[in-house]
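Working notes, beginning with the structure itself.
When a ligand or atom number is given, it counts from 1 through the structure's own listing order.
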Amino acid sequence: MFVPKTDNQSDLEEPCRNPGPWQCTICTHQNETSYISCELCGVLRNLSLYFNNAVGTEGGAKRRNKHSGVSVLARSLFSPPSPKSKAVVFSDGFQGNTNTTGYMQASLDALHETYMTHKQRRVNIVPFKFDTPSPDDMVSAGLKSFKHVRKEAPSIDSVDIAGKKVMDDHDLVTQDAHTDPSSSAKLDELGGNGSSVDVHIQNKTPVLDDELQHLSLEGKPKNIKAKIKKPVSVSQYKAEPWMLQGEDQKMPRQLNLAIVGHVDSGKSTLCGRLLHALGRISKKQMHKNEKEAKEKGKGSFAYAWAMDESAEERARGVTMTVGVAYFDTENYQVVLLDSPGHKDFVPNMISGATQSDAAVLVVDASVGSFESGMGVNGIGQTKEHAQLIRSFGVENLIVAVNKMDSVEYSKERFSFVKSQLGMYLRSCGYKESAISWVPLSAMNNENLVTVASDTRLSSWYDGNCLLKAIDSLAPPRRDVSKPLRLPICDVVSSHMLGQVAVCGKVATGAIRSDSKVLVMPSGELATVRIIERDSSRLNLARAGDNIAIGLQGIDPIHVTSGGVLCHPDYPVSVASSLELKILVLDITVPILVGLQFELHIHHAKVSASLVKILSLLDQKTGKASAKKPRMLTARQAAIIEVKLEREVCVEEFSALKALGRAFLRSQGITVAVGVVTRVPEQVQV
Ligand code: GTP
Ligand code: MG
């Protein structure tokens with residue numbers, strides 16, 4: 001009989017339950033007595049539960065008391081932003097474009113040594129054992145973050161920014177091993193997240209490299225802006241009848257489902273198993289995968305190989321880029337976004353998960369593995385992914401408690417996982433009613449598409465199988481009433497779609513064939529030639545649809561991942577400085593003014609610097625305090641000004657959430673999450 005481990009039992013604390021209805025301290029909404037978190041903004045009734053993960057470090061209990069009022073996560077990210085504040089003024093001495101990363105690293109390390117006790121330092125859970133290069137470098141240098149176009153239409157290849165065809169992924173992978181990590185910085189200048197730029201070309205063709213640098217969007221902002229029509233106020237926008245839902249009743253509802261979770265929790269295996277059970281993988285293909293995986297001594301990864309297609313991913317047994325696949329349920333056309341779990345690939349995970357409507361958080365029930373994901377010895381990606389996904393606006397979550405076979409389908413272990421993780425999820429702002437818990441074994445195909453057949457599970461579990469849980473997810477909200485915004489995830493070239501094709505999810509509005517779109521930030525107009533989803537042609541796509549679009553009448557150099565397709569009369573804002581409201585995560589090194597970091601906004605990734613900390617937000621009230629600190633430490637919330645190395649397409653969070661969420665990453669970890677509260681630089685004409 002399996003005996004669950006209870007060494008973390010002390011983490012389990014029930015929220016305080018004062019009798020009677022209660023008012024949310026954040027949004028002042030009156031909630032019913034039975035609710036443990038605010039119905040409106042998701043903030044927990046008992047604020048002390050935020051960041052309860054501090055327990056376990058030295059003096060953890062004390063720290064929890066000290067920060068008992070920390071409630072800024074939800075306030076910072078999920079409540080409406082405060083009214084516009086004062087204008088942003090950058091300090092004179094700021095050298096925004098100077099790359100001082102090396103210097104910052106040194107000084108931060110010194111600070112780290114000075115301020116942190118040995119026990120407070122993070123211990124990486126799974127030391128990264130890959131030979132070369134650093135995955136973050138590859139992410140920066142343009143490994144494709146999405147593979148779905150190649151999966152669905154093999155004729156499509158990635159193109160570089162100048163529209164030249166580049167090699168397929170297998171070549172790319174081989175070359176990655178010899179990539180000079182320094183190339184990432186250069187490529188970052190090219191626009192977007194650089195995800196369609198080939199590192200091989202970077203290394204081997206310095207001339208082209210120069211050309212590419214020359215093509216940097218930064219080099220020609222004046223021309224760009226001159227081409228953009230004077231923006232019309234969005235308030236004047238009126239959606240045309242064809243854009244609105246209802247006209248095309250036959251169109252099924254699309255659900256973008258991110259599969260997230262700690263490394264090796266079984267995400268890809270689960271996706272592969274699901275697809276296989278639903279007949280989306282042919283017997284022949286499965287047989288081939290099984291045979292090849294066995295030959296390479298990776299027999300247990302045969303199902304994961306359905307998602308992990310590149311030679312490198314297969315050799316390492318680790319997902320590196322987001323895999324995309326499709327299947328249908330009764331209610332939804334599901335777009336599966338299989339994210340990498342390893343901490344070094346969080347940027348890729350962000351790129352995929354930013355499109356999700358709902359998520360499946362896969363946790364490994366095995367003894368020790370679940371604890372690793374929860375970060376007993378460091379930052380576990382179970383927690384990091386759960387928090388990131390919530391800050392992307394995902395409200396509905398399925399927790400797939402996987403590898404139940406390894407704990408003999410123990411009910412006690414399942415309950416233990418549920419209570420431990422449930423507590424944390426609520427602290428992230430998930431409502432209890434929006435979380436479904438499904439015990440399963442991806443490997444043994446237990447409880448995936450049909451009810452469990454193993455009596456060790458079916459004897460105590462009679463809830464939904466995974467497929468049913470997915471089908472029962474609440475329909476995502478779609479905003480078709482606003483002007484078109486389609487953040488570009490990838491730029492591709494294909495025989496079917498033409499020389500310039502882009503992939504991404506329509507954030508707002510609608511798009512149809514033969515219509516004109518404004519490609520930002522270049523400000524060039526293009527015509528929509530073809531719209532495709534899962535290799536099927538569509539006449540139109542609306543908010544929420546994940547599609548590939550063939551464009552014509554535009555030079556490929558004007559189309560970059562991280563850019564946005566817009567309604568021609570309503571261009572998205574473009575800015576190179578921003579005001580953000582952030583929540584600092586559990587970092588060990590303080591964030592100082594001048595820090596250089598990577599800023600992720602939808603699919604754009606840009607080097608940025610912290611120019612000013614405008615104010616610290618009071619941990620209890622969420623109001624700005626007069627204090628202007630020189631640095632920020634873990635769990636503080638603040639309003640900051642940042643300067644970006646180049647312009648990005650962005651919206652204030654209050655105007656469009658999908659384009660107003662920001663993630664700050666430094667030294668390979670997410671140091672803060674936040675929202676854009678002000679876009680000081682609007683496009684001027
Ligand atoms: P990353 O994408 O790299 O984060 O990993 P992942 O979460 O996709 O895990 P993956 O599917 O690659 O599986 C990792 C290992 O777990 C493989 O050896 C799988 O065979 C194994 N595994 C997956 N599901 C199960 C399961 O239900 N039971 C058992 N015992 N092993 C499983
Ligand atoms: Mg995987």
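Because the distance cut-off is set at 2.8 Å, S339 fails to qualify as a neighbour of the Mg ion (ligand 2), as none of its N, O or S atoms comes that close. Within the coordination shell of the Mg ion (ligand 2), defined by N, O or S atoms under 2.8 Å, S268 is present.
Of the protein's non-hydrogen atoms, the one nearest atom 5 (O) of ligand 1 is D264 N, 3.1 Å. The closest protein non-hydrogen atom to atom 4 (O) of ligand 1 is K267 NZ, 2.8 Å.
Checked against a 3.5 angstrom limit, the closest N/O atoms of S441 and ligand 1 fall inside it. Not a single N or O atom of V318, backbone or side chain, sits closer than 3.5 Å to an N or O atom of ligand 1. Taking any N or O of G341, backbone or side chain, at least one lies under 3.5 Å from an N or O belonging to ligand 1. When only interatomic distances are considered, the shortest N/O to N/O separation between S406 and ligand 1 does not fall below 3.5 Å. Not a single N or O atom of L270, backbone or side chain, sits closer than 3.5 Å to an N or O atom of ligand 1.
At a cut-off of 3.5 Å, with distance as the only test, a side-chain donor of S268 or D338 sits close to an acceptor on the other residue. In summary, the side chains of E384 and Q387 do not present any donor paired with an acceptor at a separation below 3.5 Å, with no hydrogens or angles considered. Judged purely by distance below 3.5 Å, without hydrogens or angles, the side chains of N402 and D364 never pair a donor atom with an acceptor atom. Side-chain contact, T319 with D308: a donor N or O sits under 3.5 Å from an acceptor N or O.
Between Y332 and L257 there is no side-chain heavy-atom pair separated by less than 4.5 Å. Between L421 and M374, some side-chain heavy-atom pair lies under the 4.5 Å cut-off. Here the side chains of Q333 and F327 are not in contact, with every heavy-atom distance at 4.5 Å or above.
When the options V263, T269, T319, I259 are ranked by their closest heavy atom to atom 11 (O) of ligand 1, first place goes to T269.
Using cut-offs of 30° and 60° for the angle between ring planes, the W460 and F414 rings count as tilted.
The part of N402 lying near ligand 1 is the side chain, judged by heavy-atom distances below 4.0 Å. Both the backbone and the side chain of S268 come within contact range of ligand 1, each with a heavy atom under 4.0 Å.
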